Amino acid sequence: MNHDTTRRDLLKAAAVGAVTIAPGLTLIAPAAQARALGQPASATNRWGLLIDTSKCDSGCTACVDACKTEMGLPALDRPATDAQYIRKVDVTDLKTGNQHSLPVMCQHCAHPPCVDVCPTGASMKRADGIVLVDRHICIGCRYCMMACPYKARSFAHEDQTDQKAVNPRGKGCVEGCTLCAHRIDAGGQPACVEACSKDGGAAMLFGDLNDPKSEISQRISKEATSRIRADLGVEPAIRYQGI
Amino acid sequence: MSSHRVDYLAIPAWTKGWLTILGGLAAVIAIAGLSVLYMEHQGHWVTGMTNQVVWGMPHVFAIFLIVAASGALNVASIGSVFGREVYQPLGRLSALMAMALLAGGLGVLVLDLGRPDRLIVAMTHFNFKSIFAWNVILYSGFFAVVGFYLWTMIDWRMKKVYKPAAITAFLWRLILTTGTGSIFGFLMARDAYNSAVMAPLFIAMSFAFGLALFILFLMGSSTALARPLSQELLRKKGRLLGLFIAANLYFVAIQHVTALYQADRGPVEAFILLHGGVYTWLFWGAQIALGGIVPLILVLRPQATRCHLRAASVLVVLGGMAQIYVILIGGQAFPLTLFPGMEVSSSFADGQVNAYVPTLAEILLGLGGFALALLLTIIGASAFRILPQSLGDGEEATAEVIDAEGEPLAAQ
Amino acid sequence: MGVRAVLLALLLGLFSAMGGYAWAGETGPSFPKATSTALGGSCVDDPATMRRHHFDFLKHQRDDTLRQGIRGAKYSLKECVSCHAQVKDGHAVPVNAPGQFCASCHEYAAVSVDCFSCHATTPQQPQQQAEAK
């Protein structure tokens, strides 16, 4: 009976999450479902993002700000060592003058080099494709940071206080975007996506790439999309339009 | 001409000079320890390392020492595996130095971890797809394999397993250095690495660095202990060092020419070879000229003096440090290519050459690794009979061995 | 040789130091009781079991949750913190502060806790807490 209270709380939180995301979805609204408590993440899902760079404004940092708030990343004003799970990259084609802007975060590769090189197995891929750092066994060697083609990871360079409960983080471990696994497990969507639809250009779409009926799958089946450094063959779950 | 006899004598301990040297080394190690406490207590933000240049000066020292460790074993291998008897009296020192250098390098590497307190995790959780995990096994195994090999050299009752132990140690060190080079060779993300040539390059580097450190220790110890050391033996070692320097230069050439041939590697090669600032200076000035060509000329002189050989060895060591600095830091300073052919900018230093300035604490930690290696070597050579009593020309025993060089004697 | 004797002595000294134990006294430490009634005033398991096995439970749970994504497990560090953190002057006191729930026992037993270099030490869902009350 003790557990029932906890369960109810979590389900309640999940339901709230589903309501909040509803306005962000336009085409086909998939039932945002929390995974049942006690159930592990499953390979039937492959969570991913579709980012339309034509809707991404160069000056907008809604996704970046939302990430910092959600994950409790402090700004110590030390740009070289401050953690950045997501960043805005401005790209210019010097030959043509064409410019665009896009957010870059962990690309949640199907064949992640960070997972391959990690000596202890701390760098890992969950069954649903989310790439995480298990800080319980991370020794802080930073080999994953050497191996990542996207510079998606940061190292906690100093003692941390006031961490968010959803993102425990501490000195001496490597960290990075979790695709907001805590929100996804509760049926929500990543904080950056939510912020982009609310305060930004609604350039980001979250969904299940393994579900042919999901909005993201529908769109990538009809529209041309690409991935950053697709030539490396690591098969990221983050797709872009207009790069 | 029956078997000759080599007498080994432990370094006399507790003398004034011995205590002074050991005290000095212990002080350097203590300072390194304080640096570690400072860096670990504050966190890595007080070092020069950042989210862009994630491996810094401690790794330069650590990789140098680890690479040199496997190279230092070569003198023993040449004597045993390849049957060159002139090198056999030095086999014990070679094995001891190999273990000591590896301990020094690993000490530095481990103390720079973000969580050095979790070292036990690295020993209990293995991801066998990771070359790092394999290296944990290769490095630990090296102590066991070389330790056993040293035992077979010291204990005459172990004579029958001497050869198998020697061959195992030689193969192990080749695989170990392959593993170290592959730390970089397997990194497809970075343009400066990601090449199969890294493994043989690191093996050539290990030959040169290890022998240079070995020559330096041998010359230093023979002076300090007033034990004779044959000029001819030294010149022979010098010529061998020349061969290894040439091999290193050859693989460096292969490394860069191969990359230059690939259009997408053009920018990173232009950075290292032409306009990389400190990295370009270190490459051409320190690594190639001072660490390669000058010592090559010095050791290949037919009348090379001790002074020449000492200078050449010092230059190989300094050039080697520069070489690893250029590979490691230069390779990270060059920005990752996310969008080939495009100009990029971001708050996370995309598209910029990443700055790295080593801090004093990092350098002190690295020097502590050298001090630890030297301390362990001296203690080892004081506790056991490692160094030959004489390597002089005049002694009939050693002279006999040198005469026999060239046409290997039948095993005694 | 002299050096060998010294090395041997150091090695033996190390072993004997590792074998040394400090025996605990008769009385246990005192620590603050849970403040929250979120779970009906009792813990998720009986206190004796929790005292003896909480680290095993938490270690098992952390791997299940992080690596497999299993949520809503019976044992969770977050819940330890949310029930056991004391409130002083309207602010939650970190559970690893001296004399607090985690620290009091761990200091007594001289077992360092590694959890809180990363994990939050105070409860963080005020709205949920309020609802539960």
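Predicted, not measured: the structure shown is a model, and the values here were computed from it. In what follows, every chain begins at residue 1, and chains take the letters A, B, ... in the order their sequences are listed.
- To the nearest 0.5 Å, the span separating CD on C:Glu79 from OG on C:Ser76 amounts to 4.5 Å.
- For chain C, the nearby parts of A:Lys164 are the backbone and the side chain; heavy atoms of each come within less than 4.5 Å.
- Annotation: the span from A:Cys144 atom SG to A:Glu175 atom CD amounts to 10.5 Å, rounded to 0.5 Å.
- Contacts between A:Ile137 and chain C at a heavy-atom distance below 4.5 Å involve the side chain alone, from C-beta outward.
- Here the straight-line distance linking atom NE2 of C:His53 with atom CG of C:Leu58 works out to 13.0 Å at 0.5 Å rounding.
- Atom-to-atom distance recorded for A:Ile228:CD1 and A:Tyr150:OH is 6.5 Å, nearest 0.5 angstrom.
- For C:Asp64, no part lies under 4.5 angstrom from a heavy atom of chain A.
- Ranking C:Cys115, C:Gly69, C:Pro94, C:Cys118 against chain A, the residue ahead of the rest is C:Cys118, based on heavy-atom pairs under 4.5 Å.
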